[in-house]
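Here the structure comes first, spelled out in structure tokens, and everything after it is commentary.
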Amino acid sequence: MADVCPFEESEYSYMWCNVHWLRWICGSGLLIMCAILVLAGCSKRKETPQQEEVYSNRAHDKGYMASLLTNRQQQAQEGYARLAVSMKMTQCVTRVRATLPADTTAEALKKALTADPEWISLDEQSKKLSAAATATLQQAHQLIRQRMQEEMRAQKAIAQGKAKAIDGAGAPKTVDKK
């Protein structure tokens, strides 16, 4: 009986029907707006995962470049030490050769040098310095090899979108054509 218009026979019957439709439209619109607000505002927002920041070009890594500089300086110091020992060894050979006859063979010179205490100490120093230089060089090779492998992993991660390039080398470059 609620659907029957109470004013059917009266002059206000057109108003009741318009109000009825107006209420229905406003109510439906309100429900739709509430549903949109609930779906848009209350849903959990997904946080974007933080991308690891990596150097895609090892030449831009200041720590790597500093370690290479330190290694280079160490190699230079060892080289200067070896040069000093080499010059002393040359002087020792000249001194020992002066004590031997002019037609002395290389074997006789070696035999005389092995008997000289200064030559023995210089030879030991030379061997120690040579071993230290070889170890320093191996350390540099290992450092470079590790950093090259890290660089390859970084470039792969950047290509897959798992990492972000710190140095900007991983970003695509645009070319303006005019």
Side-chain angles (χ1 to χ4, degrees), residues 39-178:
L39 291 175
C42 296
S43 64
K44 292 183 180 177
R45 302 208 183 264
K46 294 181 180 178
E47 293 183 19
T48 57
Q50 286 289 356
Q51 290 183 334
E52 180 184 4
E53 294 183 341
V54 294
Y55 287 102
S56 63
N57 185 347
R58 64 184 180 275
H60 295 161
D61 187 357
K62 292 180 182 176
Y64 171 70
M65 296 306 287
S67 62
L68 282 181
L69 178 65
T70 303
N71 191 287
R72 184 178 60 132
Q73 290 170 344
Q74 185 178 359
Q75 286 181 19
Q77 289 174 352
E78 291 170 354
Y80 288 132
R82 287 176 65 190
L83 178 65
V85 169
S86 175
M87 292 175 81
K88 288 179 184 178
M89 289 176 85
T90 304
Q91 290 173 356
C92 187
V93 167
T94 306
R95 182 181 48 80
V96 170
R97 185 173 282 160
T99 61
L100 297 173
D103 60 343
T104 306
T105 62
E107 291 178 11
L109 179 63
K110 284 183 184 180
K111 193 178 226 182
L113 286 173
T114 56
D116 187 39
E118 183 183 2
W119 175 263
I120 294 170
S121 68
L122 289 173
D123 192 37
E124 288 175 8
Q125 284 180 1
S126 177
K127 288 178 182 177
K128 286 179 185 177
L129 290 172
S130 179
T134 303
T136 304
L137 189 60
Q138 287 297 326
Q139 184 181 14
H141 283 284
Q142 183 179 6
L143 174 71
I144 292 168
R145 187 178 302 115
Q146 287 175 349
R147 190 55 186 99
M148 286 176 72
Q149 290 172 348
E150 287 177 26
E151 183 179 10
M152 287 190 315
R153 281 192 294 269
Q155 288 174 352
K156 184 177 179 183
I158 290 169
Q160 293 175 346
K162 295 179 182 177
K164 177 182 170 186
I166 296 173
D167 52 7
K173 296 179 181 174
T174 58
V175 178
D176 293 331
K177 294 183 180 178
K178 292 184 179 181

Just do the side chain to side chain contact (heavy atoms under 4.5 Å, CB included) check on E78 and L129 with the steps written out, would you?
CA-CA 7 Å; E78 291 170 354; L129 290 172; 5.6 Å; no
To the nearest 0.5 Å, what is the distance between [atom1] ([X]) and [atom2] ([Y])?
X: C92; Y: L122; atom1: SG; atom2: CG; value: 6.0 Å
X: L69; Y: K62; atom1: CG; atom2: NZ; value: 14.0 Å
X: E150; Y: R145; atom1: CD; atom2: CZ; value: 13.0 Å
X: T114; Y: K111; atom1: OG1; atom2: NZ; value: 8.0 Å
X: T70; Y: L143; atom1: OG1; atom2: CG; value: 10.0 Å
X: Q91; Y: K88; atom1: CD; atom2: NZ; value: 8.5 Å

Side chain to side chain, [X] and [Y], heavy atoms closer than 4.5 Å:
X: T104; Y: P101; result: yes
X: R72; Y: L68; result: no
X: W119; Y: R95; result: no
X: L83; Y: M87; result: yes

Show the nearest heavy-atom pair for residues [X] and [Y], with the distance to one decimal.
X: R147; Y: Y55; answer: NH2-CB, 3.2 Å
X: S56; Y: E151; answer: O-OE2, 3.1 Å
X: L100; Y: A108; answer: CD1-O, 4.4 Å
X: A59; Y: M65; answer: O-CG, 3.6 Å
X: V93; Y: L109; answer: CG1-CD2, 4.2 Å

Please say whether more than 12 non-hydrogen atoms of neighbouring residues, nucleotides or ligands are located less than 6.0 Å from CZ in R97.
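12 or below, so no.
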Is it true that atom CD of Q160 has more than 12 heavy atoms of other residues, nucleotides or ligands lying nearer than 6.0 Å?
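Enclosed: over 12 neighbouring heavy atoms sit under 6.0 Å from CD of Q160.
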From CA spacing to verdict: side chain to side chain contact (heavy atoms under 4.5 Å, CB included), M148, R58
CA-CA 7 Å; M148 286 176 72; R58 64 184 180 275; 3.6 Å; yes
Backbone of K164 reached by a side-chain donor or acceptor of E53 within 3.5 Å
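Answer holds: no.
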Main chain of S126, side chain of S130: is a donor-acceptor contact present, judged purely on distance under 3.5 Å?
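Here the side-chain-to-backbone pair does not exist.
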Quick one: which of Q138, Q146, Q139 gives a side-chain contact (heavy atoms from CB on, under 4.5 Å) with Q142?
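When side-chain contact (heavy atoms from CB on, under 4.5 Å) is applied between Q142 and each of Q138, Q146, Q139, only Q146 qualifies.
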